[in-house]
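Quick note: numbers below take in every heavy atom, side chains included, and nothing from hydrogens, waters or symmetry partners.
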Amino acid sequence: MSRWKSLVDTFGGRPAILVLGGLYVSSTIGVYNAEVASGTPVSNALFLAFFVFIPGMILLAGGYWLPQTTINPKFYPTVTAWSLSAIALLGGLLALYHLSPNASISKPVQTILIITGFVIVPAFIGGISGAKSKTRAFDLEQRNREIREIHTELENRESELQRVQERMEFALINTDAAVWEWDIENDRASYYPSEEPLFGTTIENWEDFAAVIHPEDRDAVQQAIDESLETGEPKHEEVRIVRNGEVRWIEAPGQPVTDSDGSTQMIGVVRDITDRKTFEQQLQSSNERLEQFAYVASHDLQEPLRMIISYLNLLEDRYSDELDDEAHEFIEYAVDGSERMQEMIQGLLAYSRLDTDAEPLEPTAAEAVVDDVLDNLKLQIEEADADVIVGELPTVEADDNQLKQVFQNLVSNAIKYRGDEKPRIEISASRNDGMCRFTVADNGIGMDPVYTDQIFEVFNRLHNNQEYPGTGIGLALCKRIVERHGGGIWVESEPGEGSTFSFTIPLVDQSAD
C-alpha cells in the first residue's frame, strides 16, 4: 500500500487526473473506429464511444475545477488514488476473466474502457469526498495546533506579565511610590499597589486628593492639571502634602491619555521625595552660607591687603636709601604676593557673587556681546598682533554681562597662552536641538588632554605665576555661568596644537514669536 501511495504521490494529483481524462477522451476515437471496422452500425459505435467520452470529459472538467474547491492541494493525490484504484481493480478483474480458459471477452480493450468508464466517475466523486474530509481534518488539526500555540504564548506572556508586575510592585513598595490613574469625567482615582502609605488616607477623587495637598500648593496643582489636559503634554511638579499632620514632599508626574471609548484618563506615578527635598534644601542652605562666607571673607580681606601693600610701598619709598638690595628684593616679593592675593580675592568675590549679582536671562545678540568683548580687549589684541575671526552668531537666552565674562575670559586666555606663531582666534556657533554651541578655537600652546577637566576647577592652574600670571578662577567662573544658563562647557586640546573651547547656551525660542 505504501508503494502504491508513493507511486500516486510521485505521479501527482491534479496532473494525473487531467492526463487520465485526456486518455479516455482520446480513446473515444479508437473505440469508435474499432467498432465500425468490426461491422457495428455507426449509431451503435457512437453510442459505445459516448460511454468512454463522457467519463473522460468529467475527469478533465473535474481536474480543471479542483483548484476552485476547498480541497488542500496536498490531498489531490487522494482523488487520483481513488480513480486509479477503481480502474486497476475492475480492469484487472476483466483481464483475468478474459484470460481464463473457459471464458473470453470478444473485444477486451473496448470492454475494459467502457466498463471502467462507468465506475471511474463514482470513484472520482468518492475521491473528492475523501480529499475534502482529509482537508477538513487537516484544517482542524492546524487550527488546534494554532490554538495550542496561542494558548502557550498566552501562558508565557501571562507568566512574564506576572513577573513584571511582581518586580514593579517590589520597586514601587521599596521606593515609596505608586502608579495612579484618574478618570477625569467620572472623577475616580485608583492607585497601585496602594495610596494609603503615601497619603495616610484613601484617595478616591479630586476632593480627597486636594484635602491632603498643602493649602499653598493647591492652586498650582490644579493649574498644572488643567494645562496638561488642555495641551496634552505631560505634567510634572513637586508638591507638598500634609500626611498625619506632617508636611512631606511628593512628585506626581502624569500624562493625559484617551481610552478607546473616547474618555480621558490621566495616568502617572507618585512617589515620596521628602528625603531628597530635605537634602536639597540643606545643600542649598549650605551653599548660601558658603557663598556668604566667601563674600564676607573676600570683601573683608581686601582692606588688610591694601594696607599691607600701601605700607610696603611706603616703607620702600621712605627708607629706600637705608635698605640694601636684598631688602628691596624682599619687599618686591611681598608686594607681588600681596597683589596676587588681592587678585585671587577679587576673583573669589566675583565667583561668590555670581548668583546674587545675576540678571534675568533675556534674548541676547551674541554678535553684539563679542563686539563689546573685542573692544575691551583691543589693546591686548593689538599688542599680540592677533587675528580674531568671528563667524555669524545667533541670539540666545542669556545674561548679557555674564556672557561677556565667558567670551572675554576665553579670548583673553587664547592670547595669553599663545605659541610662537601669530595668534589666530576663531569664534563660531552652531545650532542643535534648541541649543547654540559656541566655539573659541586658537593656535596656541595647547595642553595635555588629561587636564581638560581639571582646568575648570577653582584655583587649578597648569602653569606657575612666573610662566603665565593668573588666579585660576576665570575658567571656573565660566563653568558656573554656563551651567547657570543650562548648558555645559568643555575643551579639546593637544600640546602644541592649540585649544578649542566649546560651551552651549539655549537659543531664543522662535515658536514664542
Is it true that, when you exclude Glu230 itself, more than 12 heavy atoms of the residues, nucleotides or ligands shown sit nearer than 6.0 Å to its CD?
no

Results of side chain to side chain contact (heavy atoms under 4.5 Å, CB included) for Asp217 - residues two or more places apart only:
Ile213, His214, Val239, Arg240

For residues Pro506 and Val396, report the shortest heavy-atom separation together with the two atoms involved.
O-CB, 3.3 Å

Looking only at heavy atoms, which two atoms of Asp399 and His485 are closest? And how far apart?
N-NE2, 2.9 Å

Would you say that Pro363 contacts Glu397 through its side chain, given a criterion of any heavy-atom pair below 4.5 Å between the two side chains?
yes

Hey, does the side chain of Ser493 reach the backbone of Met447 with a donor-acceptor pair shorter than 3.5 angstrom?
yes

Between CD on residue Glu237 and OG on residue Ser228, distance to nearest 0.5 Å:
9.0 Å

Side chain to side chain contact (heavy atoms under 4.5 Å, CB included) filter on Arg188, not counting sequence neighbours, yields Asp183, Asn186

Tell me, do Ile425 and Ile389 make a side-chain contact under 4.5 Å, heavy atoms counted?
no

Hey, do the aromatic rings of Phe199 and Tyr191 have their centres closer than 6.0 Å?
yes

Name all residues meeting the side chain to side chain donor-acceptor pair (under 3.5 Å) criterion together with Glu141; count only those two or more places apart in sequence or in a different chain, and write none if there are none.
Arg148

Can you sort out the partners of Glu227 under side chain to side chain donor-acceptor pair (under 3.5 Å), two or more places apart, ordered by chain and number?
Gln223

Could you tell me which non-hydrogen atom of Val373 sits nearest to which non-hydrogen atom of Lys404, and how far apart they are?
CG2-O, 3.6 Å

Going by side chain to side chain donor-acceptor pair (under 3.5 Å), name the residues that satisfy it together with Thr274, two or more places apart in sequence or in a different chain.
Arg248, Asp272

Heavy-atom side-chain contact between Val369 and Asp400 under 4.5 Å
yes

Heavy atoms from other residues, nucleotides or ligands near CD of Glu421 exceed 12 (cutoff 6.0 Å)
no

Can you find a pair of side-chain heavy atoms, one from Leu507 and one from Pro394, that are under 4.5 Å apart?
yes

Can you sort out the partners of Glu153 under salt bridge (charged side-chain N to carboxylate O under 4.0 Å, His left out), two or more places apart, ordered by chain and number?
Arg157

Does anything in residues 198-214 pair up under salt bridge (charged side-chain N to carboxylate O under 4.0 Å, His left out), and if so which pairs, sequence neighbours excluded?
none

With salt bridge (charged side-chain N to carboxylate O under 4.0 Å, His left out) as the rule and sequence neighbours excluded, what pairs involving residues 128-140 come up?
none

Assess whether atom CG of Asn144 is packed by more than 12 heavy atoms of other residues, nucleotides or ligands within 6.0 Å.
yes

Go through the steps to decide whether Thr264 and Leu229 satisfy the test side-chain contact (heavy atoms from CB on, under 4.5 Å), and finish with yes or no.
CA-CA 9 Å; Thr264 302; Leu229 292 174; 4.1 Å; yes

Between Met435 and Gly487, which heavy-atom pair has the shortest distance, and what is it?
CE-CA, 4.1 Å

Are any of the side-chain heavy atoms of Ile184 and Met266 separated by less than 4.5 Å?
yes

Find out whether Trp490 and Val482 are in side-chain contact, i.e. whether some heavy atom of one side chain is under 4.5 Å from a heavy atom of the other.
no

Could you tell me if the side chain of Ile505 sits less than 4.5 Å from the side chain of Thr364, heavy atoms only?
no

Not counting sequence neighbours, which residues clear side chain to side chain contact (heavy atoms under 4.5 Å, CB included) with Glu280? List them please.
Arg276, Lys277

Pro423 and Asn443 have their tightest heavy-atom pair at CA-OD1, 3.6 Å

Looking only at non-hydrogen atoms, find the nearest pair between Thr439 and Ser428 and report the distance.
OG1-OG, 2.5 Å

Measuring only between side-chain heavy atoms, which start at C-beta, is Glu196 closer than 4.5 Å to Thr201?
no

Fit a plane to each ring of Trp206 and Trp182, take the angle between them on a 0 to 90° scale, and name the class: parallel (under 30°), tilted (30 to 60°) or perpendicular (over 60°).
parallel

Test salt bridge (charged side-chain N to carboxylate O under 4.0 Å, His left out) applied to Asp387 - qualifying residues, sequence neighbours left out
Lys422

Decide if atom CZ of Phe138 counts as having more than 12 heavy atoms of other residues, nucleotides or ligands within a radius under 6.0 Å.
yes

Only counting residues at least two apart or in another chain, list the ones meeting side chain to side chain contact (heavy atoms under 4.5 Å, CB included) with Val390.
Val370, Leu374, Val388, Leu393, Ile427

Please list, chain by chain and in numerical order, all residues satisfying side chain to side chain donor-acceptor pair (under 3.5 Å) with Trp249, sequence neighbours excluded.
none

